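This report refers to the structure that appears directly beneath it.
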Protein chains: 2
Amino acid sequence: MSGHTIRDVARAAGVSYQTVSRVINGNERVADATRERVMTAIGELGYRPNQAARELAGKAVRSLTVLTSDTSLYGNASALRGIEEAARTAGFAVSISVLARNAAPDADELRARLVRPGEPVIVIAFDAAGVRALELLPPEVPVAAVVERPPGVDPGPRHVWLDDRLAAARATRHLLGLGHRTVHHLALPSSTARTAQRTEGWRDALREAGVAEPEPVEGGWTPRSGHLAARSLLERADVTAVLCGNDDVALGVLRAARETGRAVPRDLSVVGFDDMPASAYLAPALTTVRLDFEGLGRTAFGLLRRLLDPSAPAQEPCAEPELIVRESSGPWPGSGPGPAGGTS
Amino acid sequence: MSGHTIRDVARAAGVSYQTVSRVINGNERVADATRERVMTAIGELGYRPNQAARELAGKAVRSLTVLTSDTSLYGNASALRGIEEAARTAGFAVSISVLARNAAPDADELRARLVRPGEPVIVIAFDAAGVRALELLPPEVPVAAVVERPPGVDPGPRHVWLDDRLAAARATRHLLGLGHRTVHHLALPSSTARTAQRTEGWRDALREAGVAEPEPVEGGWTPRSGHLAARSLLERADVTAVLCGNDDVALGVLRAARETGRAVPRDLSVVGFDDMPASAYLAPALTTVRLDFEGLGRTAFGLLRRLLDPSAPAQEPCAEPELIVRESSGPWPGSGPGPAGGTS
DNA sequence: GACTCTTGTGTGAACGGTCACATTCAGCGC
DNA sequence: GCGCTGAATGTGACCGTTCACACAAGAGTC
């Protein structure tokens with residue numbers, strides 16, 4: 001039976017229940033000898049405080065809910081892992097609630113999802129469903145958000161994000177540096193009404209280099225959607241470098257390239273985003289930008305925690321995006337005579 | 001806003017608080033007219049029951065904790081998704097706690113991970129850490145387990161598993177049917193002291209065909225470990241078909257094959273396990289066995305639910321393993337055109 | 001018309017904590 | 001000795017809900 005109460009402990013230690021409560025809640029003015037006795041009583045009885053009673057009596061709860069879409073996507077899964085890890089070490093319990101990708105939730109459904117009113121929430125809002133959920137959340141719930149791009153001019157302290165814009169710019173510069181006349185972009189669905197950060201970074205680099213700025217092609221998140229989108233893109237001979245919205249999309253593009261007889265990287269350079277564990281083993285191994293989703297999740301938790309308790313320690317920042325050059329990117333095919341290009 | 005109580009509702013509806021409680025907890029003996037009034041009062045006030053109070057007062061709580069290792073592994077993530085989906089539709093809140101892969105937790109730590117003592121648990125125990133956690137869980141907690149193989153002779157009603165043995169046998173037969181003299185196996189780490197189910201199924205098929213039974217090579221879960229293990233395996237010319245523990249491992253093997261100059265499927269056939277979304281897009285597209293992890297998760301939840309409430313409806317069973325033949329498996333190189341014998 | 005039986009509703013007491021306040025008992029200056 | 005202070009501990013009420021009952025009507029039964 002797991003049914004010992006604070007009063008049982010008090011009886012065993014020969015003190016009042018309030019003293020036990022004091023001991024449990026850390027240092028108040030309790031004599032060392034008393035604390036000692038209470039502690040041993042707790043240990044012997046195997047007492048564990050009842051979370052529900054604690055919460056009911058007004059004590060701040062150490063739990064949070066993560067709202068995310070599809071957890072099988074690498075970014076979501078990694079951020080979730082970061083949150084979970086940080087939360088658990090801080091003694092928080094983590095609940096999870098998965099949003100349907102397409103159908104954005106309405107306010108009622110959302111409220112019903114949160115186990116208890118007032119439960120703190122972290123939203124992983126890389127896609128539109130997440131962003132919408134974030135908007136719909138009632139203002140009184142404490143919330144931190146992992147987003148693709150900060151909203152508006154004044155992001156406020158509730159949001160964390162990776163520097164996708166810089167990352168995309170770096171990847172694009174890498175390709176331009178290899179001699180490509182321009183870089184095409186297979187964009188992820190934008191999470192907001194505005195252009196995605198990665199798309200902007202890509203455009204930054206193109207503009208900075210003064211090259212043509214082709215229309216980005218909007219696709220999905222999966223290999224399947226990358227494959228689909230690439231089939232039309234690769235019909236055009238002038239496409240020599242493709243920056244993909246993520247590594248999964250890049251995988252689809254690699255396949256499309258194979259099917260249309262384009263050798264990578266000889267005829268076509270493909271660069272991904274995220275650096276999934278599999279990406280180094282693809283054929284060819286994928287050039288990509290490594291992103292610290294886990295660190296991002298940890299940071300989000302730190303944010304939420306300081307929202308609940310301003311005296312909580314600050315979280316260390318997450319890692320910068322890092323370009324990982326592998327086999328899938330090579331020099332512009334137009335420059336080298338025939339078989340010259342191609343080894344990396 | 002979120003601070004209305006059952007008594008506020010009662011006052012607004014002109015009834016006693018107990019009547020409101022009855023209405024909330026479904027149909028007891030409440031007059032239709034009264035129920036109606038209470039319902040509108042609830043709607044107008046935007047009342048939401050306080051979970052903590054409800055739990056404290058002894059109401060069974062509709063929540064569960066999922067104990068799993070690394071959620072970025074496809075099997076874990078998919079099973080989690082299945083659980084979450086089924087749980088949410090049934091009105092359960094899902095907490096998640098991630099186990100470190102290597103360091104198995106001790107009983108105390110495990111208990112501390114549960115939101116409250118006696119919290120129902122689903123353990124995703126595909127690996128040793130999960131199995132150990134399952135063993136350590138105190139007997140009083142209601143638990144369902146998603147396992148790689150049922151424990152002992154009498155699995156009991158708490159466990160669900162996929163027919164990995166049959167699945168492996170099918171995949172192996174497929175390869176033998178293509179003329180391969182035998183099939184080598186790159187096994188996942190076994191979750192128990194006994195041989196993994198997939199390994200047994202593979203052996204079943206070899207034995208049934210009366211061919212040589214090479215020692216299985218034990219590796220890990222990742223592309224990296226598959227790559228590592230394959231490098232030594234592929235030094236041997238007689239290895240023409242490899243059954244991999246999962247698709248990620250197969251990815252590593254594909255890369256190793258490329259590096260050692262073995263064309264797949266011409267010189268080497270590679271078959272995976274799981275059918276991850278990416279597997280259809282690999283180069284070459286992976287022949288694999290599709291497993292219904294999501295359905296398995298749903299089933300596990302159904303099990304737990306009936307454990308808590310025997311009158312709950314039964315869950316529909318999950319799908320059978322299905323062999324998906326793609327590009328990575330082909331006829332035995334010894335028979336076909338081109339230089340005969342292993343050393344081409 | 002007094003008697004059960006059913007149906008609907010109200011009342012008091014938990015549940016296991018925390019909070020605000022009351023109490024005890026040293027040590028201290030006067 | 002007296003009151004004053006402050007540290008250590010105890011007491012009562014309350015958080016919002018459910019549970020076990022008690023109670024008030026109306027419907028049958030005889």
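Within every chain, numbering begins at 1; the chains are lettered A, B, ... in the order of the sequence lines, protein sequences first and strands thereafter. Computed from a predicted model, the values in this text were never measured in an experiment.
With hydrogens and angles left out, the side chain of R7(A) and the base of dG16(C) share no donor-acceptor pair within 3.5 Å. One N or O donor and one acceptor, one from the side chain of Q18(B) and one from the base of dC19(D), sit under 3.5 Å apart. For R22(B) against dT9(C), a side-chain N or O and a base N or O form a donor-acceptor pair under 3.5 Å.
Picking from dT17(D), dG16(C), dT18(C) the nucleotide with the shortest atom distance to the side chain of Y17(A) gives dT18(C). Which of dT18(C), dT18(D), dA8(D) sits closest to the side chain of A31(A) comes down to dA8(D). Listed candidates were dG10(D), dT17(D), dT18(C). Nearest to the side chain of A57(A) is dT18(C).
At least one donor-acceptor pair under 3.5 Å links the side chain of N76(B) to the backbone N or O of D70(B). At distances below 3.5 Å, at least one donor-acceptor pair connects side-chain atoms of R37(A) with backbone N or O atoms of A13(A). A donor-acceptor pair under 3.5 Å is formed between the side chain of R88(A) and the backbone N or O of V98(B). Side-chain atoms of T299(B) come within 3.5 Å of backbone atoms of G295(B) as a donor-acceptor pair (strictly under, hydrogens ignored). Of the possible polar contacts, none joining the S78(A) side chain to the G75(A) backbone as a donor-acceptor pair under 3.5 Å is found.
Here the C1' atom of nucleotide dG17(C) and the CZ atom of R48(A) are 15 Å apart, to the nearest Å. The CG-P distance, from D32(A) to dT9(D), rounds to 10 Å in whole Å. dT18(C) atom C1' lies 8 Å from atom CD1 of I6(A), rounded to whole Å. Nucleotide dT17(D) holds its P atom 12 Å from the NE2 atom of H4(B), rounded to whole Å. Residue E55(A) contributes atom CD, which lies 16 Å from atom C1' of dC14(D) at whole-angstrom precision. Between the CD1 atom of I42(A) and the P atom of dG16(C) there is a distance of 16 Å, given to the nearest Å. Taking atom CZ on R11(A) and atom P on dG10(D), their separation rounds to 14 Å, with Å as the unit. Put simply, CZ on R29(B) is 17 Å from P on dA27(D), counting in whole angstrom units.
Bending across the helix from dT4(C)-dA27(D) to dC30(C)-dG1(D), expressed as the angle between its end axes from five pairs apiece, amounts to 60° (10° rounding).
Ring pair F293(A)/F126(A): centre-to-centre distance below 6.0 Å.
Neither OP1 nor OP2 of dC15(D) sits under 4.0 Å from any side-chain N or O of N50(B). Between T5(B) and dG16(D) there is no side-chain N or O to OP1 or OP2 distance below 4.0 Å. Of the side-chain N and O atoms in Y47(A), one or more sit less than 4.0 angstrom from OP1 or OP2 of dG17(C). The phosphate of dT17(D) has neither OP1 nor OP2 within less than 4.0 Å of any side-chain N or O from S21(B).
A residue-by-residue look at L56(B) and T19(B) shows that T19(B) has its nearest nucleotide of DNA chain C further toward the 5' end. Mapping V20(B) and T34(A) onto DNA chain D by nearest heavy atom places T34(A) closer to the 5' end of the strand.
The two residues T71(B) and A77(B) make their nearest non-hydrogen contact at O-CB, 3.3 Å.
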message: side chain to side chain donor-acceptor pair (under 3.5 Å) for S97(A) and T65(A)? Distances and angles first, verdict last.
response: CA-CA 7 Å; S97(A) 219; T65(A) 295; over 6 Å; no

